[in-house]
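A quick write-up on the structure given underneath.
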Amino acid sequence: MKFFEIVYTMVSKIPSGRVATYGQIARMVGNPRASRAVGYALHVNPMPGAVPCHRVVNREGRLAPAFAFGGTDAQRQLLEAEGIAVSEDGYVDMKRYQWDGKTEEVRRFKKGEAPQETAQKEE
DNA sequence: AAAGTGACGTCCG
DNA sequence: GCGGACGCCACTT
């Protein structure tokens with residue numbers, strides 16, 4: 001499983017009406033500092049439909065400045081459509097909409113793919 | 001092939 | 001609390 005694939009998997013598991021941060025996903029994959037790589041992953045492979053990149057925002061709760069096809073505006077539309085309030089500046093209320101990341105699927109996925117203290121095996 | 005870059009975040013000073 | 005530097009992964013020049 002490649003790093004990017006894990007990122008896509010996690011993002012695709014973000015429930016509707018919730019948002020996640022790059023750093024949050026980075027921790028999930030086992031690299032707390034890989035936030036940049038996470039963003040880049042979504043950037044190079046938007047995977048329309050399968051990976052709701054619009055639900056991923058930065059630590060400030062701001063939407064992507066260069067979101068495809070209309071930038072922040074398009075992303076705002078998608079979020080509002082899911083019931084997420086977005087400011088004119090393109091900010092979302094993190095303390096209200098930030099994803100817990102405690103979904104069953106994610107939990108199992110992390111146990112199986114992100115060995116943290118246990119002895120890990122390299123393929 | 002090495003260095004630079006990018007939808008970011010954390011650490012150090 | 002703020003500013004600067006580094007780290008991450010894949011891609012580009």
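Note that the coordinates shown come from a computational prediction; the quantities given were computed from them, not determined experimentally. Letters A, B, ... are given to chains in the order of the sequence lines, protein chains preceding strands, and every chain is numbered from 1.
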Quiz item: Within the side chain of A:T72, is there an N or O that forms a donor-acceptor pair under 3.5 Å with the backbone of A:A64?
Solution: yes
Quiz item: Would you find a donor on one side and an acceptor on the other, under 3.5 Å apart, between the side chain of A:R76 and the backbone of A:E88?
Solution: yes
Exercise. Mind listing the closest non-hydrogen atom pair of A:F3 and A:A37 along with its distance?
Key: CE2-CB, 3.7 Å
Self-check item: Distance, P atom - from B:dA3 to C:dG7, rounded to whole angstrom
Solution: 15 Å
Exercise. Can you label the angle between the A:Y40 ring and the A:H43 ring as parallel, tilted or perpendicular, going by 30° and 60°?
Key: tilted
Polar atom pairs between nucleotides 9-13 of chain B and protein, under 3.5 Å, N or O only, would you list them?
residue, atom, partner, partner atom, Å
B:dG9, OP1, A:R59, N, 2.4
B:dG9, OP2, A:R59, N, 2.9
B:dG9, O4', A:S35, OG, 2.5
B:dT10, OP1, A:R27, NH2, 2.7

Quiz prompt | Check: A:H54/A:E82 side-chain N/O donor and acceptor closer than 3.5 Å | solution = yes
Practice problem: Give the rounded distance in Å between these two atoms: CG of A:L42 and C1' of C:dA10. | Solution: 13 Å
Quiz prompt | Nearest heavy atoms of A:Q98 and A:R59, plus distance in Å | solution = NE2-NH1, 4.1 Å
Quiz item: Roughly, in whole Å, what's the span from CZ in A:R55 to C1' in B:dA7?
Solution: 17 Å
Quiz item: A:Y40 near the nucleic acid: base, sugar-phosphate alone, or nothing, with a heavy-atom cut-off under 4.0 Å?
Solution: base
Quiz item: Given that A:A34 and A:V44 both sit by DNA chain C, which one's nearest nucleotide is further toward the 5' end?
Solution: A:A34
Quiz prompt | Phosphate OP1/OP2 of C:dC9 contacted by A:N31 side-chain N/O (<4.0 Å) | solution = yes
Quiz item: Closest heavy-atom contact between A:V56 and A:T21?
Solution: CG1-C, 4.4 Å
Exercise. May I have the step-by-step check of salt bridge (Lys or Arg N to Asp or Glu O under 4.0 Å) for A:E5 and A:K2, ending in yes or no?
Key: CA-CA 5 Å; A:E5 294 181 44; A:K2 294 179 57 170; 5.5 Å; no
Self-check item: Whole-Å gap separating C1' (B:dA7) and CZ (A:R62)
Solution: 9 Å
Self-check item: Distance in angstrom units between A:M1 CE and C:dA10 P, rounded
Solution: 13 Å
Quiz prompt | A:I14 backbone acceptor or donor facing A:R55 side chain under 3.5 Å | solution = yes
Quiz item: Between A:F4 (CZ) and C:dC8 (P), how many Å, whole number?
Solution: 14 Å
Self-check item: Interface with DNA chain C, restricted to residues 84-95 of chain A and to heavy atoms under 4.0 Å
Solution: none
